[in-house]
Amino acid sequence: MENIGASIIQRAIEKDKQEQYTMALVLYQEGLQVLIESIKEMKDPTRKKHFQTRTAEYMDRAERIKSLIEEKKSKGKYREHMKIENGAIGYGYHSVFGRFLDCTVTEIRVEEPYIRAAHQCQNFVRFCELTVTKCLELSKIILTTTSDPNDKAGQISRLDELKTSLANKLVTLEVKFSDTLHDRQITLSNGWIIKIGRGLDYFSPPKGKFVLGYNDLELRACRETVVDIFHQSQLQDNIK
């Protein structure tokens, strides 16, 4: 177990160096949990003391990162930049912005020009599945997209079906159409804003229907894109 914990901690250190602090914090916390459990099973006192010392160091760094994030958030200066390389795996919706979804999110605004084709609407469904699972107080999702000039009826039908499904979870889906929309942005009522260059459709097509990554996007290869994440402390009041 200590090997698993050390591997997670190493990823945390890498993200820490890249100043991707929110991701680093999550990884530190996950790695520390594994290391603490493994220390309980260690019999060698010297080895146990070594891991306890290192664990204390990582816990201290995690606390400092947490304070740094909160300080930058309060000043409206927090920002992360992440590049997803072409062909990279492990960047599903949960990994990219799942850490920002919690019970403080009551409303989500999605500006995404291309929620048109069936696979694009399916990506939006996957996004909604993640939000209703993690945001227990979520009451509303507002989607702004462009209308499909070739199959607007099909597009509306798919979104209406999702709207009904979300209503069963007491979440209202409001759909707006804009012919001039270009930028892609996800705005959470807890102040976090996530901009993905390719929007929600940054995955490569699967190479078959019975391959890893067909259903689980964490295992799906990505197309190159950039992700910008920042926080606006007054957003929660402004979004209402």
Locate the shortest heavy-atom distance separating A24 from D16; write the atom from each residue and the value. CB-N, 3.7 Å

T187 side chain to I193 main-chain N or O, any donor-acceptor pair under 3.5 Å? no

Please determine whether a side-chain nitrogen of the Lys or Arg among R54 and E57 lies less than 4.0 Å from a carboxylate oxygen of the Asp or Glu. yes

Keeping S189 on the side-chain end and T106 on the backbone end, is there a donor-acceptor pair under 3.5 Å? yes

Any sub-3.5 Å donor-acceptor pair from E71's side-chain atoms to S67's backbone N or O? no

Taking side-chain contact (heavy atoms from CB on, under 4.5 Å) as the test, write out the residues that go with E218, two or more places apart. H94, S95, D216

How are the rings of F100 and W192 set to each other: parallel, tilted or perpendicular (split at 30° and 60°)? tilted

Using a strict 4.0 Å threshold on nitrogen-to-oxygen distance, state whether R223 and D201 make a salt bridge. yes

With K66, which residues qualify under side-chain hydrogen bond (donor to acceptor under 3.5 Å, both in side chains), at least two apart? none

Evaluate whether atom OH of Y114 has more than 12 neighbouring non-hydrogen atoms of other residues, nucleotides or ligands under 6.0 angstrom away. no

Between L25 and A62, the two heavy atoms sitting closest are CD1-O, 3.5 Å

Keeping R198 on the side-chain end and E224 on the backbone end, is there a donor-acceptor pair under 3.5 Å? yes

Flag the pair D60 and R64 as a salt bridge only when some basic side-chain nitrogen lies within less than 4.0 angstrom of an acidic carboxylate oxygen. yes

Check: L200 and Q120 side chains under 4.5 Å, non-hydrogen atoms: no

Could you tell me which residues satisfy salt bridge (charged side-chain N to carboxylate O under 4.0 Å, His left out) with E19, sequence neighbours excluded, listed by chain and number? none

Any donor-acceptor N/O pair, S157 side chain to G154 backbone, under 3.5 Å: no

To the nearest 0.5 Å, how far apart are CG in L219 and CD1 in I89? 7.0 Å

Give a yes or no answer on whether the side chain of Q155 reaches the backbone of T146 with a donor-acceptor pair at less than 3.5 Å. yes

Across all chains, not counting sequence neighbours, the side-chain contact (heavy atoms from CB on, under 4.5 Å) partners of T180 are S178

Relative to Y21, does K72 satisfy both conditions: NZ or CZ under 6.0 angstrom from the six-membered ring centre, and within 45 degrees of the ring's axis? no

Would a distance-only check, ignoring hydrogens and angles, find a side-chain to backbone donor-acceptor pair under 3.5 Å from S165 to E161? no

For residues 206-215, run the donor-acceptor check on the side chains, cut-off 3.5 Å, and write out each pair with its distance to 0.1 Å, sequence neighbours left out.
none

Let me confirm one number: the CD1-CD distance from I115 to Q122, rounded to the nearest 0.5 Å. 11.0 Å

State, to 0.1 Å, how close G31 and I8 come at their nearest heavy-atom pair, and which atoms those are. N-CG2, 3.5 Å

With F203 via ring pair (Phe, Tyr, Trp, His ring centres under 6.0 Å) - residues at least two apart: Y93

Is I142 linked to L130 within one hydrophobic cluster, defined over Ile, Leu, Val, Met, Phe, Trp and Tyr using a side-chain heavy-atom separation of less than 4.5 Å? no

Rounded at 0.5 Å granularity, tell me how far NZ in K49 sits from CD1 in I39. 10.5 Å

Side-chain (H231) to main-chain (E70) donor-acceptor, under 3.5 angstrom: no

With sequence neighbours left out, what residues match R99 under side-chain contact (heavy atoms from CB on, under 4.5 Å)? T22, M23, V26, E80, I229

If you define the side chain from C-beta out and look only at heavy atoms, does anything of H50 sit under 4.5 Å from R47? no

So do the side chains of E129 and V125 get within less than 4.5 Å of each other, counting heavy atoms only? yes

Set of side-chain hydrogen bond (donor to acceptor under 3.5 Å, both in side chains) partners for D148, sequence neighbours left out: none

When every non-hydrogen atom of A221 is compared with those of G87, the smallest separation belongs to CB-O, 4.0 Å

Please indicate whether R126 has more than 12 foreign heavy atoms, meaning atoms of other residues, nucleotides or ligands, lying under 6.0 Å from its CZ. yes

hydrophobic_cluster_shared for I196 and L181, side chain cutoff 4.5 Å: no

Could you pull out all residues at least two apart from I36 that satisfy side-chain contact (heavy atoms from CB on, under 4.5 Å)? K40, T55

Answer yes or no: is there a donor N or O on one side and an acceptor on the other, between the side chain of R184 and the main chain of H182, under 3.5 Å? yes

Does M82 share a hydrophobic cluster with F127, counting links as ILVMFWY side-chain heavy atoms below 4.5 Å and allowing steps through other members? yes

To the closest 0.5 Å, what do you measure between CG (N86) and SG (C222)? 9.0 Å

Checking Y58 now: which residues fulfil ring pair (Phe, Tyr, Trp, His ring centres under 6.0 Å) with it, not counting sequence neighbours? none

Which heavy atom of L136 sits nearest a heavy atom of V132, and at what distance? CD2-O, 4.4 Å

Under the ring pair (Phe, Tyr, Trp, His ring centres under 6.0 Å) test, residues paired with Y91 that sit two or more places apart: none

Taking side-chain hydrogen bond (donor to acceptor under 3.5 Å, both in side chains) as the test, write out the residues that go with E174, two or more places apart. K140

